Visitor: 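The structure that follows is given in the form of structure tokens.
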Amino acid sequence: MFMMTFLCEFQSWYWNCDFDDAELQAAFDATDAVTTPDEFQRAFLVLLRSKDTVARGTALDYFDRAAATSRFGEANPFEPHREEVLATAREMLRRPPRPGDDIAFEGADHASALLALKNDAGPEDAEVVLTVLRRRPDGALLYNALGTAGTALANSEPPDPRLVALIGEMAFDHSLDIDDRREALRALRGATGAEATALLVRATGEDDYRFQQEAAQALSIGQRFYGHRALLEDLDASWPYDERSFAASEVREALGPGPHSTYWQGVDPKSSGLLQAHREMRAPTSRRAHRQAFRTMLYSGLVPMVAIALDHFCDNEGLTRFDLDVQALRPNVLALARHLLTLSPSAARAGRETSAGASHASALDVLALLAGPEDVVLLTAVLRRRDAEALVRERAIRAARECLDRWKEPDARVIAALEELVFDPSAAVDDRALAVIALFDVPGPQVTAVLLRAAHSDVLPVQVEGALGLTYDHLIDQHRDFVRGLVASWPDGDDEPDRAWLVRHALRD
């Protein structure tokens, strides 16, 4: 397990820990020797809840280390105490910085507190971050303060104008190291409002290429892109190849065309008007033009063009690529998706990359996002079609899963349709297993009965998914022994069934 290994090897980011208090020293020493997350959590809480600044700072460092390690897929063992961690960090920041000594540099307590806040900061944290930045710190304290400031600005609407102005001053303070100035500029990336945007535009006029590129990347994100495309094109063309940073590559990607579609590769509009609309959707020149191009495709009356528009609506890199507001479009998008599902599914395009049933696949992705309980009959009809193309069935199952997860009450008719598919011997095994997965974490005795029946299936992939579904929190205590017996019956080594390791892992948690 990565988490315990990384935490036991860790000491702290900033502190030389040697406590006079025996309980604190024992807790700190335990962090080297504990073997379970529960044991580590107990030691962590002794440090966090003490009155000793060094102990609390060390606990905050452990929280940050665990949060960073969780990217490998293991849960942060201190996550249940997040609110207490944040309260401790905020309380530490309200106090004067701790003087420097042989234990830590001046302000190390603020550095640790800012690390703990960096992913959760909001408007309520602007004042303490301002206080730190006004002292013009350096090193880790400056880096952490700017990172936390960036989060606070991104999570504030409107952002604190004092914080925007101060970070702007630092970004253009040529007495500072250029790396620090770039870091200040990054803090403005998520800040909304004209003031932050004006600072970013101004930064594109500086001499340093990397400074320009940081500003340009910020201008290429969200709705700022629409108003600054021409500037970004000029900048992108001006940067020498050997001076291009990751930020420059992000700018070029934003300027490049977005996806053609999800399911209609190789199918292009025949008329010049629709061709231009499709190009505008992929590489928008303005907010208004982007929205109008989408409407042109959506209301074209041609199934492939309507479906391509639906693909752009559903794709995160499509219509909302630059945070276009699509709320007003949702009713008509859903109405047209419903209409496509009443038509025969589109045929495969010979020699092209478009599969049979692409029109229904495009429509089902809309249902996954927008369908309500009133769409149950439409959705279950597709799930029950035994002659459906493989693509259509797979998208229908995934749409059912999204709807069951989103709707306030799971619909018994959708569950019944999935159950029929799970136990249909004529269906593809992958579809049957996927139908079981669609029921994971859905509450209710009807679903539990399906999972139990699946776990008794003689089709091993279905059995594995049924067992995995029974390991969810609301079911595992009742079914642990049964699932453990199933796992013992499965082959291991190279013959272990796919995803069996997930069941084994769930039983260990």
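This structure is a prediction, so every number in the text was calculated from the model and none was measured. Positions are given from 1 along the sequence.
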Visitor: Should the heavy atoms of other residues, nucleotides or ligands under 6.0 Å from OH of Y143 be counted, would the total exceed 12?
Guide: no
Visitor: So do Q41 and H81 actually touch side chain to side chain, heavy atoms under 4.5 Å?
Guide: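 When only atoms from C-beta onward are counted, Q41 and H81 do touch, with a gap below 4.5 Å.
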Visitor: Name all residues meeting the ring pair (Phe, Tyr, Trp, His ring centres under 6.0 Å) criterion together with H474; count only those two or more places apart in sequence or in a different chain, and write none if there are none.
Guide: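 Checked H474 against ring pair (Phe, Tyr, Trp, His ring centres under 6.0 Å); zero matches.
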Visitor: Sequence neighbours left out, what passes ring pair (Phe, Tyr, Trp, His ring centres under 6.0 Å) with W15? Give chain and number order.
Guide: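 If we apply the ring pair (Phe, Tyr, Trp, His ring centres under 6.0 Å) test to W15, skipping adjacent residues, there are no hits.
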Visitor: Using a 3.5 Å distance criterion without hydrogens, assess whether the side chain of D61 forms a donor-acceptor pair with backbone atoms of S12.
Guide: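 Checking the backbone N and O of S12 against the side chain of D61, no donor-acceptor pair under 3.5 Å is found.
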Visitor: Could you check whether atom CD of Q25 has more than 12 heavy atoms from other residues, nucleotides or ligands sitting under 6.0 Å from it?
Guide: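 Result for CD/Q25: enclosed.
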Visitor: State whether the side chain of Q463 and the backbone N or O of S457 hold a donor-acceptor pair below 3.5 Å, judged by distance alone.
Guide: yes
Visitor: Is there a side-chain contact between D125 and N155, using heavy atoms and a 4.5 Å cut-off?
Guide: no
Visitor: If only side-chain N and O atoms count, and only distance matters, is there a donor-acceptor pair under 3.5 Å linking H174 with E206?
Guide: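 Looking only at side-chain atoms, H174 and E206 do form a donor-acceptor pair, the distance falling under 3.5 Å.
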Visitor: Is there a side-chain contact between L48 and Y62, using heavy atoms and a 4.5 Å cut-off?
Guide: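 Not in contact.
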Visitor: Main chain of A126, side chain of D160: is a donor-acceptor contact present, judged purely on distance under 3.5 Å?
Guide: no
Visitor: Any heavy-atom pair between the side chains of F78 and V85 that's under 4.5 Å?
Guide: no
Visitor: With a 4.0 Å cut-off on N to O distance, would you call E91 and R95 a salt bridge?
Guide: yes
Visitor: Take L235 and V251, measure what side chain to side chain contact (heavy atoms under 4.5 Å, CB included) needs, and give me the verdict at the end.
Guide: CA-CA 9 Å; L235 288 166; V251 172; over 6 Å; no
Visitor: Could you walk me through whether N16 and V54 pass side chain to side chain contact (heavy atoms under 4.5 Å, CB included), step by step?
Guide: CA-CA 9 Å; N16 298 316; V54 176; over 6 Å; no
Visitor: Does the side chain of D411 reach to within under 4.5 Å of the side chain of L379, using non-hydrogen atoms?
Guide: no
Visitor: Would you find more than 12 non-hydrogen atoms of other residues, nucleotides or ligands less than 6.0 Å from D173 atom CG?
Guide: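 More than 12 within 6.0 Å, yes.
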Visitor: Check whether R162 reaches the backbone of E127 with its side chain - one donor and one acceptor, N or O, closer than 3.5 Å.
Guide: no
Visitor: Restricting to non-hydrogen atoms, name the atom on W239 and the atom on A216 that form the minimum distance, rounded to 0.1 Å.
Guide: CH2-CB, 3.6 Å
Visitor: Output the distance between atom CG (L60) and atom CG (L115), rounded to the nearest 0.5 Å.
Guide: 9.0 Å
Visitor: Applying salt bridge (charged side-chain N to carboxylate O under 4.0 Å, His left out), name anything that partners E243, two or more places apart in sequence or on another chain.
Guide: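 For E243, no residue satisfies salt bridge (charged side-chain N to carboxylate O under 4.0 Å, His left out) once neighbours in sequence are set aside.
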Visitor: Can you check whether L185's main-chain N or O pairs, donor with acceptor, with E214's side chain at less than 3.5 Å?
Guide: no
Visitor: Show the atom names and distances, to 0.1 Å, of all donor-acceptor pairs under 3.5 Å that link a side chain in residues 435-453 to residues at least two apart or in another chain.
Guide:
from	atom 1	to	atom 2	distance (Å)
Q446	NE2	A412	O	3.2
T448	OG1	G444	O	3.2
R453	NH1	E419	OE2	3.2

Visitor: Between T31 (side chain only) and F28 (backbone N and O only), is there a donor and an acceptor less than 3.5 Å apart?
Guide: yes
Visitor: W407 side chain to A371 main-chain N or O, any donor-acceptor pair under 3.5 Å?
Guide: yes
Visitor: Find the distance between CZ (R136) and CG (D138) and round it off to the nearest 0.5 Å.
Guide: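 These two atoms lie 12.0 Å from each other.
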Visitor: To the nearest 0.5 Å, what is the distance between OG on S112 and CG on L141?
Guide: 10.0 Å
Visitor: Kindly indicate whether the side chain of L329, heavy atoms from C-beta on, has any atom under 4.5 Å from the side chain of L319.
Guide: yes
Visitor: Can you tell me how far the CZ atom of R186 sits from the CZ atom of R182, to the nearest 0.5 Å?
Guide: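 Interatomic distance, R186 CZ to R182 CZ, rounded to 0.5 Å: 7.5 Å.
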Visitor: Under a 3.5 Å distance rule, please check whether D234 uses its side chain to pair with a backbone N or O of L231 as donor and acceptor.
Guide: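 No: the side chain of D234 does not pair with the backbone of L231.
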Visitor: Nearest heavy-atom pair of I103 and D101: which atoms, and what distance?
Guide: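 It is N-OD1, 2.8 Å.
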Visitor: Count the heavy atoms of every other residue, nucleotide or ligand shown that sit under 6.0 Å from CG of N316, and state whether that count exceeds 12.
Guide: no
Visitor: Taking all heavy atoms of I167 and all of A187, pick out the closest pair and write down the distance.
Guide: CD1-CB, 4.0 Å
Visitor: Just wondering, do H110 and N144 contact through their side chains at under 4.5 Å, heavy atoms?
Guide: no
Visitor: For residues 221-229, tabulate all N or O donor-acceptor pairs below 3.5 Å that involve a side-chain atom, not counting sequence neighbours.
Guide:
from	atom 1	to	atom 2	distance (Å)
Q223	OE1	R287	NE	2.9
Q223	OE1	R287	NH2	2.9
Q223	NE2	D323	O	2.7
R224	NE	T197	OG1	2.9
R224	NH1	R189	O	3.1
R224	NH2	A191	O	2.2
Y226	OH	H290	ND1	2.7
H228	ND1	R224	O	2.9
R229	NE	E233	OE2	3.0
R229	NH1	P284	O	2.9
R229	NH2	L255	O	2.8

Visitor: Which heavy atom in L468 sits nearest to a heavy atom in R499, and how many Å separate them?
Guide: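 Answer, listing the atom of L468 first, then R499: CD2-NH2, 3.4 Å.
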Visitor: So, T151 side chain and N119 main chain: donor-acceptor pair closer than 3.5 Å or not?
Guide: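 Absent.
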Visitor: Return the OH to OG distance between Y209 and S238, rounded to the nearest 0.5 Å.
Guide: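 That separation rounds to 6.5 Å.
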Visitor: Can you tell me if CG on D498 sees more than 12 non-hydrogen neighbours from other groups inside 6.0 Å?
Guide: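 No, because the 6.0 Å sphere around CG of D498 holds 12 heavy atoms or fewer from other groups.
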Visitor: Indicate the atoms forming the closest heavy-atom contact of N76 with S70, along with that distance.
Guide: N-CB, 4.2 Å
Visitor: Nearest 0.5 Å please: distance from the CG atom of L200 over to the CG atom of L219.
Guide: 5.0 Å
Visitor: Would you say the side-chain atoms of E157 and T192 include a donor-acceptor pair closer than 3.5 Å?
Guide: yes
Visitor: Please report the shortest heavy-atom distance between R321 and A254, naming the atom on each side.
Guide: NH2-O, 3.1 Å
Visitor: A side-chain contact here means heavy atoms from C-beta on lying under 4.5 Å apart; do R282 and H312 qualify?
Guide: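 Yes, their side chains come closer than 4.5 Å.
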Visitor: For D52 and L47: C-alpha separation, side-chain torsions, deciding distance, then whether side chain to side chain contact (heavy atoms under 4.5 Å, CB included) applies.
Guide: CA-CA 8 Å; D52 186 278; L47 298 172; over 6 Å; no
Visitor: Listing request: all salt bridge (Lys or Arg N to Asp or Glu O under 4.0 Å) pairs with a residue in residues 36-50, at least two apart in sequence or in separate chains.
Guide: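 Pairs touching residues 36-50 that pass the test: R49-E84.
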Visitor: Parallel, tilted or perpendicular for F105 and Y14, by the 30°/60° rule?
Guide: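 Answer is perpendicular, since the angle exceeds 60°.
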Visitor: Do D208 and R181 pass the side chain to side chain contact (heavy atoms under 4.5 Å, CB included) test, and can you show the C-alpha distance, the side-chain angles, and the key distance before you say yes or no?
Guide: CA-CA 11 Å; D208 183 83; R181 293 177 57 211; 5.8 Å; no
Visitor: Would one find more than 12 heavy atoms of other residues, nucleotides or ligands at under 6.0 Å from atom CD of E253?
Guide: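 Atom CD in E253 is not packed in, count stays at 12 or less.
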Visitor: Quick one: does any side-chain atom of R401 pair with a main-chain N or O of A368 as donor and acceptor, under 3.5 Å?
Guide: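 Between the backbone of A368 and the side chain of R401 there is no qualifying donor-acceptor contact (under 3.5 Å).
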Visitor: Is the count of non-hydrogen atoms from other residues, nucleotides or ligands lying under 6.0 Å from D242 atom CG greater than 12?
Guide: yes
